[in-house]
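Scroll down for the structure; my scribbles are underneath it.
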Amino acid sequence: MNEQQLNDEIPKHYDPTETEDKWYAYWEEHQYFHSEPDDREPFAVVIPPPNVTGVLHMGHMLNNTIQDVLVRRARMQGKNACWVPGTDHASIATEAKVVQKLRKQGIKKSDLSRDKFMDHAWDWTNEHGGIILQQLRTLGASCDWKRTRFTLEEELYEAVIDCFIKLYDDGFIYRGKRMINWDPQAQTALSDEEVIHKEVQSKLYHVRYPIKNSDEYVTIATTRPETILADTAVCVHPDDERYTHLIGKRAIIPMVEREVEIIADDYVDPEYGTGCLKITPAHDTNDYDLGQKHGLEIIDMLNADGTISEAGQFYVGKDRFEARKLIIKDLKDQDLLVDVEEMPNKVGYSERTDAVIEPRLSLQWFCRMDELSKPALENVMNDNIQFHPAKFKNSYAHWMENIRDWCISRQLWWGHRIPAWYFGDEPDEYVIARTEDEAVEKAREKSGNANLSSDDLHQDEDVLDTWFSSWLWPMSVFDGIRNSENEEINYYYPTKDLVTAPEIMFFWVARMIMAGYYFRDEKPFSNVYFHGIVRDEQRRKMSKSLGNSPDPLELIKQYGADGTRVGMLFASPAGNDLLFDENLCEQGRNFSNKIWNAFRFLMMNKQDGTDYSPTTDIDPENLADRWMMSRIKQTLTGVEQDFENYRLNEALKKIYSLVWDDFCDWYIEVSKADTPGEPMPAENLERALGLFELLMKMLHPFMPFLTEEIWQRIQVRSPEEALTISQWPELDADADEDAIDLFSLIQEQVSAIRNIQSEMGVSPKTELTLHIKTNSQEQAEKLDEQSWIFTKFLSVGSLEFNPDLTKPKASASALVKGTEIFVPLEGLIDLDKERERIQNEIKKTQGFLKSVEGKLSNAKFVENAPDDVVDRERQKKVDALSDIEKLKQMLENLG
RNA sequence: GGGUUCAUAGCUCAGUUGGUUAGAGCGUUGCAUUGACAUUGCAGAGGUCGGCAGUUCGAAUCUGCCUGAACCCACCA
């Protein structure tokens, strides 16, 4: 075809925009990603469900790129790949967003009924929900969209309720009044995992409490002086001589002037602060425990929103931090504040709202974890479930071994409502039921009151922790909780790979494993691949608030989905954090373009009106063919291993180098016609295309769009022949070592000659006369057969291979694996420069020789080292000596 | 306070059970351009493998200590 046609059909630069939409639509239309149980080996992956109203960020992009690579490869390997997508209702996060939106409209949540609020929440969900799933298509994610699930949809809702009831019936779930983590902003209880401890610089206030009927004082130390209002005791160490005389006496709490007892407990560390501790059982976990032990009164001085309640008496209605400032001032005025110490302190913050957590005594639902954790721990430690990288087993084990009961109730509306129905005022007057009717029946039975009606019952207002639905995900997406015997769950479960960030190992991964063993007595997945966190160049975590996160969709627009995927993967060694650098996406784009142009070149050689069938049957007489095929085999073997070890970036790098360095830089060059401008011979083209198709297959999991585009352009394909569902290459592992050795030698010789050209400033166009002194007659013959290869890379006037050749004068020379290359450059050569070059080479080799001789002259080395190691050193010595000799002669020869 | 991991070229990382004078990509330097691709090609420079000691014939690799960094867990005011 002529140039105009070519540029119209195959432009110089690959343009991903059109291609990507086109092929995604094609894949969806033909349902390549849809899976039904059949007799193939299943390969199920469940997506870590993003928040339903979330938008794609860099973390999602990394997470889903990795999953897509794994799933696409499995699909090509003939497995029944099923990647289940979906979204999470994200109880607290979504509710917070809805509350915020309502507030902007001047509506307070407390003004709304539960139903009204839920209407707003569903509106919000329907409006913003699922955007992220659309964005995943842009990335190329090959999810089975027909299977899209949502954690709050009806069936999954029922699954959660079923799960709750089973756990309750089995005695794992209980209701109790406990110290929990309270988020005053979201006004809900949180689990321990949702509290982030941050070290902050705080102040330790030393405050004097007068002793009743005495002039004496005790001085306590506290970081939260506002809680003084709720103090119900003062505590010292029983053996602390400073205070023993005070034990049993009564101290007067400042401000509120309440009399409390001074008690003794060896919990107190005499060395810390003043050695004297104020006890506020309502607002501190340790104080609560001490309060229980010593039978202390509990005064709760905080409202749910973190303001001071009536019980505090002072600063009522003020925020806790405001109250802190005020009380400090008041204590100072009363001369009761004796010291303020700067002190680093760990403070708990809400993972969602970033509000400072208040320990709070509260009636909540809990799930007992000790028993659930046992099989979950065991099966990870024995690698029944494999963690990649394995180092995460340690922290997993530590968490599992110290697991505590899980607070599962949340004072929120957006979520799965707890199926408890109360029929009286006593804490135990409730029943657990799926429906109101069932609840009435059970309540009648439990109360003995046959006249109870639904009017006498009210359902628990609270919902369950989001993760209480997420932990069922690998089962619930296949309806495995409600219908544990159906075909789907039996076929797809356990799923294969779970890909996620270590951040949610405890929130999610650990709990899924526990739920899996509890409900099905079987692991939920076989492998967990933990990838890192996406960070910027300064190692800061990418976040909205820092504004350091690029918009993934913009990246895709700019570099193509394939280029962006490559960029992400290049930066992401398994288990390590990923330092995102947009340059890597650029590199990915450049790679796309390189591949595109390799394709473009091959197409240029297609002659009009001729049929071509790409073939992988290489020409056994053609060294380049044999070499290229062997390189593909070697790479494939390595790639398989990398996949085994979840080292996706290594696999990609290997293929990258195979395509760019081996195929483009050497194989295509060799395959070109002798005369520039002439099309390459048809057989060469067919083989080049055949090998290129293999490369497209290997690359497809990483770069699905570009490879499909090229695949479909090389030949007209039916829907059954799409690359996406093609067979992953299966080649025997025997690489042709002879071909690789000989071709590598030629590559090195060509490089050496190019080096001479570069160093001597000889234009690559200058025709060269080449004399190559070989190690043997046999080698000379072998190389001579391949002299055509030299002509593809160099401007060759004449070329001679000979084991005994007379060295030409005024030549630049080089030594490659014992072969000596002479390039007569009369007039062009700078003799001093050439002398220096060779002398440097001699110096280097002598240094090498010295180190080898050092080893060989060491009797202990010769004695102790394995024979093959010693032999290798001996051979090195022989080679080095011979090299030096040859180099010296080259030097002499220069004249 | 407990635990884990890491330290290799300017940057980001490979380096399998110890055995070529340590590799890649990016960046950098020089040269090259009328046809596959400057989103390119060719060639080069660049590291006493954080420090010290030890084990060994031999250490980037194993051990100990030191220094520095990161992460996770934990109710010490």
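Below, chain A is the first sequence line, B the second, and so on; all start at residue 1. All of these numbers come straight from a predicted model, not from anything done at the bench. Values reported hereafter were calculated over all heavy atoms of this structure, with side chains retained and with hydrogens, waters and symmetry mates removed.
- No side-chain donor-acceptor contact under 3.5 Å links A/T280 and A/D284.
- The nearest pair of heavy atoms linking A/F387 to A/K393 is CD2-N, 3.9 Å.
- Because its NZ or CZ atom is both nearer than 6.0 Å to the ring centre of A/W406 and within 45° of the ring axis, A/R511 counts as a cation-pi partner of that residue.
- Considering CG of A/N593 and CG of A/L706, their distance stands at 9.5 Å, rounded to 0.5 Å.
- B/G64 and B/U56 have their C1' atoms separated by 16 Å, with the value rounded to a whole Å.
- Electrostatic pairing of A/E342 and A/K203 counts as a salt bridge here, judged by a charged N lying under 4.0 Å from a carboxylate O.
- Using a 4.0 Å heavy-atom cutoff across all strands shown, A/K12 reaches sugar-phosphate atoms only and no base atom.
- Heavy atoms of A/F506 sit under 4.0 angstrom from primed sugar atoms or phosphate atoms, though from no base atom.
- At a threshold of 4.0 angstrom between heavy atoms, the contacts of A/K393 with the nucleic acid are absent.
- Heavy-atom distances under 4.0 Å link RNA chain B to A/Y272, A/L277 of residues 270-278 of chain A, given in residue order.
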Dot-bracket pairing map - RNA chain B, Watson-Crick plus G-U, both contacts under 3.5 Å, | cross-strand: (((((((..((((.....[...)))).(((((.......))))).....(((((..]....))))))))))))....
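- Both tests pass for A/K672 against the ring of A/F601: distance under 6.0 Å to the centre and angle within 45° of the axis.
- When rounded to the nearest whole Å, the span between CG of A/D269 and P of B/A74 equals 21 Å.
- For A/R837 and B/A43, the shortest distance from a side-chain N or O to OP1 or OP2 is not below 4.0 Å.
- A/H398 comes within 4.0 angstrom of the backbone, heavy atoms only, and of no base.
- In summary, A/K653 and A/D642 do not engage in a salt bridge, as defined by a charged side-chain N under 4.0 Å from a carboxylate O.
- Straight-line distance between the P atoms of B/U8 and B/U48: roughly 13 Å, to the nearest whole Å.
- For A/A598, the listed nucleotide lying nearest its side chain is B/A36; candidates were B/U4, B/C26, B/A36.
- For the C1' atoms, the distance from B/G1 to B/C76 is 10 Å, rounded to whole Å.
- For A/K594, whose side chain is taken as the heavy atoms from C-beta onward, the closest listed nucleotide among B/U40, B/G15, B/U5 is B/U40.
- The gap from the C1' atom of B/C62 to that of B/U55 amounts to 8 Å, rounded to the nearest Å.
- Classification of A/E834 and A/R837 as a salt-bridged pair holds, one side-chain N sitting under 4.0 Å from a carboxylate O.
- Across residues 219-231 of chain A, A/A221, A/T222, A/T223 each have a non-hydrogen atom less than 4.0 Å from an atom of RNA chain B (numbered order).
- Going from the P atom of B/U29 to that of B/C71 covers 35 Å, rounded to whole Å.
- Distances were taken from every side-chain heavy atom of A/K860 (C-beta onward) to each of B/G41, B/C57, B/A74; the shortest belongs to B/C57.
- One finds no side-chain N or O of A/N394 lying less than 4.0 angstrom from the OP1 or OP2 phosphate oxygen of B/C72.
- Rounded to whole Å, the separation between the P atoms of B/C6 and B/U63 comes to 11 Å.
- One finds no salt bridge joining A/D289 and A/K293 here, because no Lys/Arg side-chain nitrogen approaches an Asp/Glu carboxylate oxygen to under 4.0 Å.
- The phosphate of B/G41 (OP1 or OP2) has a side-chain N or O of A/W660 nearer than 4.0 angstrom.
- Using a cutoff of 4.0 Å between basic side-chain nitrogens and carboxylate oxygens, A/D674 and A/K792 are scored as salt-bridged.
- Picking from B/A36, B/C57, B/G41 the nucleotide with the shortest atom distance to the side chain of A/C664 gives B/A36.
- Look at A/E873 and A/K876 and you find a salt bridge, because one of the NZ, NE, NH1 or NH2 atoms lies within 4.0 Å of a carboxylate O, short of that distance.
- Backbone-only engagement by A/E650 is indicated by non-hydrogen atom pairs under 4.0 Å involving sugar-phosphate atoms exclusively.
- Atom CD1 of residue A/I595 and atom OH of residue A/Y656 lie 9.0 Å apart, to the nearest 0.5 angstrom.
- If you take atom C1' in B/A14 and the same atom in B/A60, they sit 12 Å apart, rounded to whole Å.
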